[in-house]
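What follows is one structure encoded as structure tokens, with my remarks underneath.
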Amino acid sequence: MSVCARPGRRAHAASALLGLLVLATGCATSGRNASGPGGGNMGVGGGTGTAETYPVPAHPPPDEDGSQLWLRYPKVPIPGRLAEYRSALTHVVRAGSSATLQAAQAELVKGISGLLGATIPAADQPTGDGALVVGTPSSSSIVKALSLAGLGSVGSEGYLVQAATTGGRSAIVVAANTDVGVLRGSFALLRHLQCHRSVQGLAIAASPKIQRRILDHWDNLDGTIERGYAGRSLWDWSSLPATISQRYIDYARASASIGINGVVLNNVNANPQILSSAYLDKVAALATAFRPYGIAVYLAAQFGAPLHIGGLTTADPLNASVKQWWVSEANTIYQKVPDFGGFLVKANSEGQSGPGDYGRSHADGANMLAAALAPHGGIVMWRAFVYSDNGTDRIGQAYSEFKPLDGQFASNVMVQVKNGPLDFQPREPFHQLFGAMPSTPLALEVQITKEYLGEDTHLVYLAPMWQEVLQSDTYAKGQGSLVARVVDGSLHGYRMTAMAGVSGIGSDANWVGSHFNQANWYAFGRLAWDPDLSAQDIADEWIRQTFSNDPVVVTPVKQMMMSSRQNVVNYMEPIGLVHMMGTDHHYGPAPWVNSLTTANWNPFYYHKADATGIGFDRTATGSNTVSQYSGAVRDKLASRSTVPDDMLLFFQRVGWDDRLPSSGRSIWEELVYRYSAGVDAVATMRNTWPMVQGRIDGKRYGDVASFLQIQHYEARWWRDACLQYFASVSKHSIPSGYAPPAQSLQYYQNLQSTCPSDPTKPRCPAIYTGSPSPAILPP
Ligand code: GCW
């Protein structure tokens, strides 16, 4: 950690005024220590922040709609750093002619020209100090002549970004072994500059720790997006393949800038038509658009496709005609898309067909597809999201089904596992399969779209949640067997590694439904590149690029982001509650629902609250699913004295008046406290946000303020509805010192018929009244 930006005078004044903030003195450095053969990110030099004070903008900055994401490149507003950059970067030496190098050069010219406030000229050779040289040893004679020592160890996607001397003149070099590595290095340099870090002694070396870093789109061919809250699908199938919109290119630029190298174009609840020749031409056009950015295209394949579009009477994976159908399908795909990545498959899950329909195993199904793809280098990502309503504990079913198959999958199959054993809830333990499949490469799937965390409106930064999972210790091979080490392949020596994020990216101007949801797309890419990056450092660099480097902005916004995940856990599902959302649309609270015919779709299934207590006993006295974790983890979760508070009701059943050792409160009191604290934490965010007013543009400022208001009302809705319900079953009342719920239980139950009217932009105007805080009354 190096010296960082000092807060300007206004920051001190503002913090003294609000009495809310401790101004941080740290900021993210340019990289982290290299970490062994699996890749690493090392920053040496150039990480220094600035001691300059950021000027207060004379006029509010011009409005922005968020469409530029973190690639905005505004002119550096601090004169010292601007002068440093202007002398260190005087011209760009033309890169080679490949589409990827051209893309890198175009981005550098655009970005640096914006940051310097003047177009940076291009030249064929260095013409003086300050040349920016980009390339590989084969595309650039200058890079070749530099014989950079570290290049050998950055692999095919890594890069070096460093200060150098060429022909006696100072230069900055972006060097890699491949053109795609050069592109990634170019974005790393732009990130460095956008964070206003010094370029003196610049020396960044980085390479990805995870091979495949993939956005999964749940986009349907009719333009809708399952669990999308940002408008319609980006892919305009009707105008493809003829029309390649700038939006596709901007999507590729943004994704490439954070290291993403794959995209599954369509929903895992897959329409088999995507595999038809007409659609494959459209897929090929997108693949062509993305290729210069190092992004490969994958498709979600419906297992029943041979029946639906192949004219066969079976999709049995052991049937010779079925196998042959997939072989010729794969051949067709690779004719059109030579670098096609492979298939993602949701099989025998939530109504999707699969090998189980024919009495075959997941391995039989996956291996049949894998055999068709193998000659072309493609892979299968077979999802482990399976459960049925068979009377056994839902969260143990994937483990029971997949663990026995370890070692039976073909070498080009990965099993893709959600972060937790249930379904992307605000807080879950890590999935039991991590650490339990040493012979099967496991890909980690997380959800960027906030299906269960406030959809488009709530400000919830997800990197702390993903970091919590990645840094969880499975103890599979003793202490230190982190989920991150499973996923990066180093724990079990996996031959393939991958991380996937369910994108939710749509055609809204801001791409993801809200300005702050952009941070989750950004953080996904950065963590997939290096799962050991800290959520805080990622937030820091995202804020600097997306809003401002001014500490008056960075410090409070980072504080809002870093507390946001625990806040949402508190006001939606504290101390281990899960799955209490409304049926189907998953918007708003509905803990009382217990009438769905699929038992494990009922919120009641998960909390089992009655007059005697609350919680799902997964210890030896209950479902014993806790025994699917390895010894140390199992013992911790199974014991009342060691289970973390936020996992309590997920694993254990407790009485309402039992005391929580950490707080001394009864379970009932703790629920009331947590729900109330969560609501009031949103009030704190709303009070903090005005600190950035005038420092960022009015449009984004206003958009965020109005979403925070919605979040505040909805947090109170969650609290009041859940507390009313639990009060009624427990026969307890709200203790003194807390605001009473605004409405009756019946009122909240009746809301289900009107809210939301539009599940793609879910809102509930009826509850946007009154003042949500304080929920904890002042003494
Ligand atoms: O969380 C659930 C979603 C479904 C989704 C499913 C899955 C694509 O509610 O919409 O289906 O997960 O992951 O397959």
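No experiment lies behind these values; they were computed from the predicted model shown. In listed order, ligands and their atoms are each counted from 1. Values below: every heavy atom of this structure, side chains too, minus hydrogens, waters and symmetry copies.
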Geometric N/O contact [X] with ligand 1, under 3.5 angstrom:
| X | value |
| --- | --- |
| Y452 | yes |
| N267 | no |
| E226 | yes |

Inset, instruction - Over 60° means perpendicular and under 30° means parallel, so classify the ring planes of F726 and H607, tilted if in between. - result: perpendicular
Inset, instruction - Please report the C-alpha distance between E468 and R565 in whole Å, then the side-chain angles of each, then the deciding distance to 0.1 Å, and finally whether the salt bridge (charged side-chain N to carboxylate O under 4.0 Å, His left out) criterion is met. - result: CA-CA 11 Å; E468 182 177 291; R565 189 291 188 107; 2.9 Å; yes
Inset, instruction - Could you tell me whether the side chains of K450 and N520 share a donor-acceptor contact shorter than 3.5 Å? - result: no
Legend entry - Partner of P441 under side chain to side chain contact (heavy atoms under 4.5 Å, CB included), chosen from Q416, Q211, M414: M414
Inset, instruction - Would you tell me which option among D584, D423, V502, V386 has the nearest heavy-atom contact to atom 2 (C) of ligand 1? - result: D423
Inset, instruction - Taking S353 for its side chain and G304 for its backbone only, find out whether a donor-acceptor pair lies under 3.5 Å. - result: yes
Legend entry - Which segment of Q447 sits under 4.0 Å of ligand 1 when only heavy atoms are counted: neither
Legend entry - Closest protein heavy atom to atom 6 (C) of ligand 1, given as residue, atom name and distance to 0.1 Å: E350 OE1, 3.3 Å
Inset, instruction - State the atoms of ligand 1, each with its element, that fall below the 4.0 Å cut-off from a heavy-atom position in N269. - result: 8 (C), 11 (O)
Legend entry - D222 atom CG, over 12 foreign heavy atoms within 6.0 Å: yes
